[in-house]
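This report concerns only the one structure given below.
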Amino acid sequence: MGLLSVMRFFALPLLVHLVALLVAGANVPTIVNLRIEGANHTIYEAPIITRGHNVTTQSAGNIHCDGTNHNENPTPGPTCTSALADAARLAGFTFDGTPFGEFDDIFIDRIGDTANTDTEFWGILLNFFFTPVGGCQQEVKAFDHVLWAFNAFSVAHFLKLDGPQLLHRGEHATFTVVDGLNNTNVPVAGASLGVGGLTDAAGRVTLAFETRGLHSLKATRADSLRSNRLDVLVV
Ligand SMILES: *[C@@H]1O[C@H](CO)[C@@H](O)[C@H](O)[C@H]1NC(C)=O
Ligand SMILES: *[C@@H]1O[C@H](CO)[C@@H](O)[C@H](O)[C@H]1NC(C)=O
Ligand SMILES: *[C@@H]1O[C@H](CO)[C@@H](O)[C@H](O)[C@H]1NC(C)=O
């Protein structure tokens, strides 16, 4: 076999598969970054591989959850709720939802220990934008950021934390907290990283770590959704 035939036989199918992985609407196992922020703690924060499939909840039974719900997409694909269901199975937490009647979807009532109340509800943000449709209608594509946020409709800010991930012991470093909603990235003052002081008007706080090892930081503010986790290795 010449080099060209080798490429035709192996490289092309591989390329086609790679492209399929990157386009929305193809129902192939797709990797997304999933974060689930419960009332008092983070329920899940890691990549997950998902594809469109049926989802079963105690209160809604078995329903399709592949983006074709309510004819939202012409072809099946991975969705925000299929990602939730796959993470639940992998990480060993449960969730529940009731039929979202007219939308042919599942209205999520509870994830892990965090259930909706009369005034607080689970919401979904895709790449920091509220999804315009329910979680079985909203398809996702590779490397999307899927965020299930409790009390999503009442929080002041959706915190996003950034900063250095490798520091020397005692070295001063600046961390930044912004509001990720709609990718506006507006600085958030008064956020805590659990160590040191609060962020200033520019969303910045300077910290130094006296102990070596891995420090996992999350920004919090009482009225806001806690941030992503930033792992800082101190050497
Ligand atoms: C998936 O759910 C639909 C209802 O939404 C049902 O008609 C179908 O039989 C289910 N498929 C499987 C494989 O369970
Ligand atoms: C979260 O913490 C508050 C205050 O301690 C408590 O009232 C509430 O029940 C907790 N929520 C969950 C889901 O554990
Ligand atoms: C975010 O964007 C949506 C439209 O995608 C808009 O309706 C909403 O007002 C925006 N909110 C903020 C705080 O920018």
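Note that ligands are numbered from 1 as they come in the structure, with each ligand's atoms numbered from 1 the same way.
SG atoms of Cys65 and Cys136 are separated by less than 2.5 angstrom, consistent with a disulfide link.
A distance of 6.0 Å or more separates the ring centres of Phe121 and Phe150.
A ring pair (Phe, Tyr, Trp, His ring centres under 6.0 Å) check over residues 59-85, counting only residues at least two apart or in different chains, returns the pairs His70-Phe103.
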Problem - Derivation and outcome, salt bridge (Lys or Arg N to Asp or Glu O under 4.0 Å), residues Lys141 and Glu139 - result: CA-CA 7 Å; Lys141 56 186 192 317; Glu139 290 190 350; over 6 Å; no

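Annotation: the span from Asp162 atom CG to Phe175 atom CZ amounts to 9.5 Å, rounded to 0.5 Å.
Here Ile63 has heavy atoms under 4.0 Å from ligand 1 in both its backbone and its side chain. Contacts of Phe129 with ligand 3, taken as heavy-atom pairs under 4.0 Å, involve the side chain alone.
Where the criterion is an N or O separation shorter than 3.5 Å, residue side chain and backbone included, Asn182 meets it with respect to ligand 3.
Between the side chains of Asn62 and Asn54, at least one donor N or O sits under 3.5 Å from an acceptor N or O.
The nearest pair of heavy atoms linking Glu72 to Gln137 is CG-O, 3.5 Å.
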Any protein N/O atoms within less than 3.5 Å of an N/O atom in ligand 2? List the atom names and distances, or say none.
residue	atom	partner	partner atom	Å
ligand 2	2 (O)	Asn40	OD1	3.0
ligand 2	2 (O)	Asn40	ND2	2.4
ligand 2	11 (N)	Asn40	ND2	2.9
ligand 2	14 (O)	Asn40	ND2	3.3

